[in-house]
Amino acid sequence: MFYPFWFDPTFIILIPGLILSLIAQASVQGTFSKYSKVISSTGETGAEFARRMLSSLGLYDVRVEAVSGFLTDHYDPRNKVLRLSAATYSSRSVAALGVVAHEVGHAMQHQENYLPLVLRNFSVPFAAIGSNLSWIIFIIGFLFYSQPLIQLGILLFSFAVLFTLITLPVEFNASSRAIKTLPLMGMPTSEVAHVKKVLGAAAMTYVASAAMAILQLLRMVMIAGMFGDRD
């Protein structure tokens, strides 16, 4: 079948992933914004809560630092640093403390050598290579009519897809640890319920990312198949 040069019929397969990603992003921003207006009864800022939570868990060697950006909070296992964004570092909101607890959950995983986290950390360089080079090699394969290069591009992108799948249990587990630990830190049940909504919305962004990666991989396979049919 003939298609105009500007139309790629395989792009249609990405539409569900794009819609899910938009919904997930809107949900996490809306939910975080809603509960960032609810001040926690603990009276602590995100940074203060993080330090108390880490100390209560015996993670005395983990530092807490501020980082620029919006919701760029993350735990750095190489340097044992919990980095909190401006939206959480100085905030006393339930949403901020929930995000902090989630990142502390990653520190707990690191301390225990939680297997999915170990696998994710190990796969980071492979995922980076896959994300950066896969499409370049894939397109070069088409330009030079090289099936081996096309297949190599697909293989490299598979590493990126695998990374998104490994990320899911890591993120879900960190949130589960946060929910279980928050009552022990003195957070009342009503506030923990708010945190569940915030972390649940955040989890959907990882699900959307994985779905989008899988659909993109399927699209590459379909394009390769169409290329093979021309031979």
Side-chain angles (χ1 to χ4, degrees), residues 24 27-67 69-121 165-207 209-210:
S27 177
V28 72
Q29 291 180 11
T31 306
F32 184 85
S33 177
K34 177 180 179 179
Y35 292 108
S36 65
K37 297 180 178 66
V38 179
I39 304 303
S40 174
S41 59
T42 65
E44 295 168 295
T45 64
E48 293 168 344
F49 188 74
R51 294 189 183 99
R52 182 165 71 90
M53 194 170 182
L54 289 168
S55 295
S56 70
L57 295 168
L59 301 175
Y60 304 108
D61 56 344
V62 177
R63 304 193 313 276
V64 178
E65 297 178 355
V67 66
F70 177 71
L71 291 182
T72 50
D73 310 79
H74 64 278
Y75 171 68
D76 179 356
R78 291 179 300 177
N79 300 304
K80 288 193 174 183
V81 178
L82 189 68
R83 296 192 175 96
L84 304 178
S85 66
T88 57
Y89 189 89
S90 301
S91 175
R92 302 178 189 276
S93 72
V94 169
L97 300 194
V99 171
V100 168
H102 174 88
E103 298 306 330
V104 171
H106 286 311
M108 295 167 64
Q109 292 172 339
H110 185 214
Q111 181 192 43
E112 299 172 11
N113 287 319
Y114 179 61
L115 182 58
L117 180 65
V118 173
L119 292 175
R120 186 176 76 166
N121 292 340
L165 295 176
I166 295 174
T167 293
L168 293 179
V170 174
E171 297 300 331
F172 291 155
N173 179 262
S175 291
S176 176
R177 290 169 185 261
I179 296 302
K180 292 178 181 178
T181 307
L182 285 173
L184 303 179
M185 301 302 297
M187 181 175 283
T189 303
S190 59
E191 294 181 12
V192 174
H194 297 332
V195 170
K196 285 183 180 180
K197 294 179 181 178
V198 173
L199 298 184
M204 284 306 300
T205 63
Y206 294 102
V207 173
S209 178

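Just so you know, these numbers use all the heavy atoms, side chains as well, and skip hydrogens, waters and symmetry mates.
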**Rounded distance [0.5 Å steps], OG in S56 versus CZ in F49** = 8.0 Å
**Message:** Determine whether R120 and E171 satisfy the following criterion, side-chain contact (heavy atoms from CB on, under 4.5 Å), listing intermediate values before the conclusion.
**Reply:** CA-CA 11 Å; R120 186 176 76 166; E171 297 300 331; 3.0 Å; yes
**Asked** Looking at A50 and L84, what are the two nearest heavy atoms and their distance?
**Response** CB-CD1, 4.2 Å
**Within-4.5 Å side-chain heavy-atom neighbours: Q111 and L57** = no
**Ionic contact status for R92 with E48, cut-off 4.0 Å** = yes
**Prompt:** Does the S55 side chain pair with the main chain of R51, one donor and one acceptor, at a distance under 3.5 Å?
**Reply:** yes
**Message:** For the backbone of A202 and the side chain of T205, can you confirm whether one donor and one acceptor N or O come within less than 3.5 Å of each other?
**Reply:** yes
**Asked** Parallel, tilted or perpendicular: which fits the ring planes of H110 and Y75, with parallel below 30° and perpendicular above 60°?
**Response** tilted
**Request:** Please answer whether the main-chain N or O of S33 pairs with a side-chain N or O of S36 as donor and acceptor at a distance below 3.5 Å.
**Result:** yes
**Prompt:** Can you tell me how far the NE2 atom of H194 sits from the CE atom of M187, to the nearest 0.5 Å?
**Reply:** 10.0 Å
**Item:** With P116, the side-chain contact (heavy atoms from CB on, under 4.5 Å) member among V170, N173, N121, L165
**Value:** V170
**Item:** Rounded distance (nearest 0.5 Å) linking atom CD of E65 with atom CZ of R83
**Value:** 5.5 Å
**Item:** Nearest non-hydrogen partners of L59 and A107, listed with the distance
**Value:** CD1-CB, 3.9 Å
**Asked** Could you give the distance from CG (D61) to CG (N79), rounded to the nearest 0.5 Å?
**Response** 12.0 Å
**Request:** Kindly indicate whether the side chain of T88, heavy atoms from C-beta on, has any atom under 4.5 Å from the side chain of F32.
**Result:** yes
**Prompt:** How far apart are the C-alpha atoms of S41 and E191, what are their side-chain angles, what is the distance that settles it, and do they pass the side-chain contact (heavy atoms from CB on, under 4.5 Å) test?
**Reply:** CA-CA 8 Å; S41 59; E191 294 181 12; 3.0 Å; yes
**Request:** In sequence, state the C-alpha distance, the side-chain angles, and the governing distance for H106 and H102, and then conclude on side-chain hydrogen bond (donor to acceptor under 3.5 Å, both in side chains).
**Result:** CA-CA 7 Å; H106 286 311; H102 174 88; 3.2 Å; yes
**Request:** Check whether any side-chain heavy atom of T42 sits under 4.5 Å from a side-chain heavy atom of M185, and report yes or no.
**Result:** no
**Message:** Any non-hydrogen side-chain atom of D73 less than 4.5 Å from a side-chain atom of Y89?
**Reply:** no
**Message:** Distance check, rounded to the nearest 0.5 Å: E103 atom CD versus L82 atom CG?
**Reply:** 6.5 Å
**Complete:** Closest non-hydrogen atoms of A96 and S93, given as atom of the first, atom of the second and distance, are N-OG, 3.0 Å
**Message:** Counting C-beta onward and ignoring hydrogens, is there a side-chain heavy-atom pair between V207 and L168 closer than 4.5 Å?
**Reply:** yes
**Asked** Would you say the side chain of E112 lies within less than 4.5 Å of the side chain of R177, judging by non-hydrogen atoms?
**Response** yes
**Message:** Taking the side chain as everything from C-beta on, heavy atoms only, tell me whether V104 gets closer than 4.5 Å to T181.
**Reply:** no
**Prompt:** Closest approach of L97 and S91, non-hydrogen atoms and distance?
**Reply:** CD2-O, 4.4 Å
